[in-house]
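What follows is a short report on a single structure.
No experiment lies behind these values; they were computed from the predicted model shown.
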Amino acid sequence: PPGPGTASMPALARPKTVLAYWDGVDPFTDAEIDRLAEIADLLDREPLQSWDDPRADALLAEVEVIVGHWGTPPLDAAMLERAPRLGMLAYGAGTVKMQVSDALWDRDVRVTSGADANGEPVAEFTLATILLANKDAFWQADRARGGPGWDRPPGAAPVGNWDKTVGIVAASLIGRRVIELLEPFAGITPIVYDPYLGAVDAERLGVEKVDDLTDLCRRSDVLSIHAPALPSTLHLIGAEELAALPDGATVINTARGLVLDHDALLDHLRRGRITAVLDVTDPEPLPDDHEIRSLPNVVLTPHLAGSQGTELRRMADWVIDEVERYAEGRPARNPVTRETLDRTA
């Protein structure tokens, strides 16, 4: 049967609501907190950063909805004993793996995530990176500044965004969105590897599903990684997969650093055979003296593909909408369940 995140529930007019996240994160403007207060009974406008806060006992005794964001303390058994009326965690950011617990699922608390909203800028970043990588823009810009730049290996595909193939690793929320964003570019063909993607879903996405990861790499001018960090995805892109990439290919990782074997990647980067755009690394950040930092065919960005600046407003809108849906007894927009958690980032 559907869980509390997917099914409609009885309306709960103005649920008693508490904010819980790191001080200084500031995910909501005053106007957005005012909007939240119009649909919920906001017990305190200042967020709890810890369940040890002197205000916590009184707030948890009444709370029905916790609006979380980066830094929300874990909702474990001890915390839940202090929050007998809690019915929902509305998390305004992406992954909730550090917040949820078996006790939370056992209580049948609705959990929602703003991963959809946070994923949009990641997909946009990826699209921009694909287009720039195919034009050699990163490496040519370095050369224009007097740096070493990077020379395409002999036999590499010519520069340009026509007649190019992009290999998508995982039809995750972000992977699917990247496929959608590539649709207007007639000269770019996305293909996807994902053992959980069925033929019908692949057809709906309008993308070819490739069952063998090495074959996907062999066919890709750009390899874009969107797999979650799971035990089964540790070094999913390793020596065999990287060796299969054609000369001149670009690897983009905006997912999790451990999905990509950095030692194997370094071997190919040293030889100038491929290039890399890494928004995430393993470890993160890389040590100051790590060789990858000094290579001309690498662009490093500090985990910035996700929501920044004005993009936080999208996540705020998303989580306020989730609270409103709960208050009105409507299904969640982006529920997280015990069963789906293991397949998410």
Salt bridge (Lys or Arg N to Asp or Glu O under 4.0 Å) partners of [X], counting only residues at least two apart:
{"X": "Asp211", "answer": "Lys209"}
{"X": "Glu120", "answer": "Arg177"}
{"X": "Glu32", "answer": "Arg313"}
{"X": "Lys164", "answer": "none"}

Please report the shortest heavy-atom distance between [X] and [Y], naming the atom on each side.
{"X": "Leu86", "Y": "Arg107", "result": "O-NH2, 3.2 Å"}
{"X": "Leu205", "Y": "Arg176", "result": "CD1-CG, 3.9 Å"}
{"X": "Ala156", "Y": "Gly248", "result": "CB-CA, 3.9 Å"}
{"X": "His69", "Y": "Val25", "result": "ND1-CG1, 4.0 Å"}
{"X": "Cys217", "Y": "Pro246", "result": "O-CD, 3.4 Å"}
{"X": "Gly306", "Y": "Pro121", "result": "C-CG, 4.0 Å"}

How far does [atom1] of [X] sit from [atom2] of [Y], to the nearest 0.5 angstrom?
{"X": "Glu241", "Y": "Thr214", "atom1": "CD", "atom2": "OG1", "answer": "4.5 Å"}
{"X": "Trp70", "Y": "Tyr21", "atom1": "CH2", "atom2": "OH", "answer": "12.0 Å"}
{"X": "Ser224", "Y": "Ile168", "atom1": "OG", "atom2": "CD1", "answer": "4.5 Å"}
{"X": "Asp279", "Y": "Ile252", "atom1": "CG", "atom2": "CD1", "answer": "10.5 Å"}
{"X": "Leu216", "Y": "Glu208", "atom1": "CG", "atom2": "CD", "answer": "9.0 Å"}

| Any pair counted as side chain to side chain donor-acceptor pair (under 3.5 Å), so long as it reaches residues 50-63, sequence neighbours left out |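 Only Asp44-Arg55, Asp53-Arg55, Asp57-Arg82 qualify under side chain to side chain donor-acceptor pair (under 3.5 Å).
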| From CA spacing to verdict: side chain to side chain contact (heavy atoms under 4.5 Å, CB included), Thr254, His226 | CA-CA 7 Å; Thr254 57; His226 302 287; 3.6 Å; yes
Less than 3.5 Å apart, which donor and acceptor atoms pair up between the side chains of residues 268-276 and the rest of the protein, not counting sequence neighbours?
from, atom 1, to, atom 2, distance (Å)
His268, ND1, Arg271, NH2, 3.3
His268, ND1, Arg273, NE, 3.0
His268, ND1, Arg273, NH2, 3.4
Arg270, NE, Glu291, OE1, 3.0
Arg270, NE, Glu291, OE2, 3.1
Arg270, NH2, Glu291, OE1, 2.8
Arg271, NE, Asp267, O, 3.4
Arg271, NH2, Asp267, OD2, 3.0
Arg273, NH1, Leu245, O, 2.7
Arg273, NH1, Asp247, OD1, 2.8
Arg273, NH2, Leu242, O, 2.7
Arg273, NH2, Leu245, O, 3.1
Thr275, OG1, Thr250, OG1, 2.7

| task | Apply side chain to side chain donor-acceptor pair (under 3.5 Å) to Asp23 and list each qualifying residue two or more places apart in sequence or on a separate chain. | result |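 Partners of Asp23 under the side chain to side chain donor-acceptor pair (under 3.5 Å) test: none.
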| said: Once side chain to side chain donor-acceptor pair (under 3.5 Å) is applied, do any residues pair with Glu284, and if so which ones, sequence neighbours excluded? | reply: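 Listed in chain order: His303.
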| Non-hydrogen side-chain atoms of Asn253 and Val277 separated by less than 4.5 Å |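 No - every pair of side-chain heavy atoms lies 4.5 Å or more apart.
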Distance-only donor-acceptor hits, side chain of residues 134-141, under 3.5 Å, sequence neighbours excluded:
from, atom 1, to, atom 2, distance (Å)
Asn134, ND2, Asn161, OD1, 2.9
Asp136, OD1, Arg152, NH1, 2.9
Asp136, OD2, Arg152, NH1, 3.4

| request: Using a strict cut-off of less than 4.0 Å between a Lys/Arg side-chain nitrogen and an Asp/Glu carboxylate oxygen, indicate whether Arg45 and Asp34 qualify as a salt bridge. | output: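 Salt bridge: yes.
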Below 3.5 Å, can you tabulate the donor-acceptor pairs from side chains in residues 185-203 to any protein atom, sequence neighbours excluded?
from, atom 1, to, atom 2, distance (Å)
Asp194, OD1, Tyr196, N, 2.8
Asp194, OD2, Ala171, N, 2.7
Asp201, OD1, Arg204, NH1, 3.2

| message | Please enumerate all residues that pass side chain to side chain contact (heavy atoms under 4.5 Å, CB included) together with Pro184, with sequence neighbours excluded. | response |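 Pro184: no side chain to side chain contact (heavy atoms under 4.5 Å, CB included) contacts found.
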| message | For Thr126 and Thr129, which I'm curious about, is there any donor-acceptor pair between the side chains at under 3.5 Å? | response |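 On atom types as modelled, these side chains do not qualify, holding no pair under 3.5 Å.
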| field | Under 4.5 Å side-chain linkage, directly or through intermediates, the cluster mates of Trp318 | value |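 So far as hydrophobic clustering goes, Trp318 is joined with none.
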